[in-house]
Amino acid sequence: MKIFVDDQRTPDSFSNYQCARSYKTAVMLLDIFKEVDVINLDYDLGSKETGLDILKYIYEHKISVKHIIIHSTHPDGVSKMEKYIKEHFKDIQYTYAGSK
């Protein structure tokens, strides 16, 4: 399972991804599949919940994720997400795919 989370960007080059436009949809997919090969996250999801909240959900619910990609251009959000990944997902591959 691969999940692309972004409230605005269209995942044209991510045709093999499930697209989640909100925190709620992302969490629903995570609950259904429980094991994720890749989750590609934006920080700003157009609501009070963010990509960081999704990372916290993954950690708190012990969802198995092999690779986390952040594609956000929100500098503060990227920093917060990277810090959380370094503290809580030490054995998971991480890639930043945006421009700070």
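These figures come from a predicted structure and were not determined experimentally.
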Would you compute the distance between atom CG of Asn16 and atom CZ of Phe4 and round it to the nearest 0.5 angstrom?
12.0 Å
What distance separates Asp6 CG from Leu45 CG, expressed to the nearest 0.5 Å?
7.5 Å
Any donor-acceptor pair under 3.5 Å linking the side chain of Arg21 with the backbone of Val5?
no
Any side-chain heavy-atom pair from Val36 and Ile58 closer than 4.5 angstrom?
no
What I'd like to find out is whether the side chain of Ile85 reaches to under 4.5 Å of the side chain of Ile92, using heavy atoms alone.
no
Tabulate below the donor-acceptor pairs under 3.5 Å that side-chain atoms of residues 59-67 make, not counting sequence neighbours, or state none.
{"unit_1": "His61", "atom_1": "ND1", "unit_2": "Tyr57", "atom_2": "O", "d": "3.1"}
{"unit_1": "Lys66", "atom_1": "NZ", "unit_2": "Asp37", "atom_2": "OD1", "d": "3.3"}
{"unit_1": "His67", "atom_1": "NE2", "unit_2": "Thr95", "atom_2": "OG1", "d": "2.7"}

For Leu29 versus Ala20, what's the shortest heavy-atom pair and its separation?
CD1-CB, 4.2 Å
Could you tell me whether the side chain of Val27 reaches within less than 4.5 Å of the side chain of Asp53, counting heavy atoms only?
no
Taking the side chain as everything from C-beta on, heavy atoms only, tell me whether Glu82 gets closer than 4.5 Å to Tyr94.
yes
On a heavy-atom basis, which atom in Gln18 and which in Met1 lie closest, and how many Å separate them?
CG-SD, 3.4 Å
The side-chain contact (heavy atoms from CB on, under 4.5 Å) partners of Lys80 (sequence neighbours excluded) come to Tyr43, Leu52
Atom pair CD1/CD1 of Ile3 and Ile54 - distance to nearest 0.5 Å
8.5 Å
Contact summary for Val78 and Ser72, nearest pair of heavy atoms:
CG2-O, 3.5 Å
Give, for atom NE2 of His74 and atom CG of Asp44, the distance between the pair rounded to the nearest 0.5 Å.
6.0 Å
Sort out for me which residue in Gln8, Arg9, His71 forms a side chain to side chain donor-acceptor pair (under 3.5 Å) with Asp42.
Arg9
Hey, does the side chain of Tyr84 reach the backbone of Phe89 with a donor-acceptor pair shorter than 3.5 angstrom?
no
For Tyr23, enumerate each residue passing the ring-ring contact (aromatic ring centres under 6.0 Å, His included) test, keeping only those at least two apart in sequence or located in another chain.
none
If every non-hydrogen atom of Cys19 is compared with every non-hydrogen atom of Thr25, which pair is closest and at what distance?
O-CG2, 4.5 Å
Between atom NZ of Lys83 and atom NE2 of His88, what is the distance when rounded to the nearest 0.5 Å?
9.0 Å
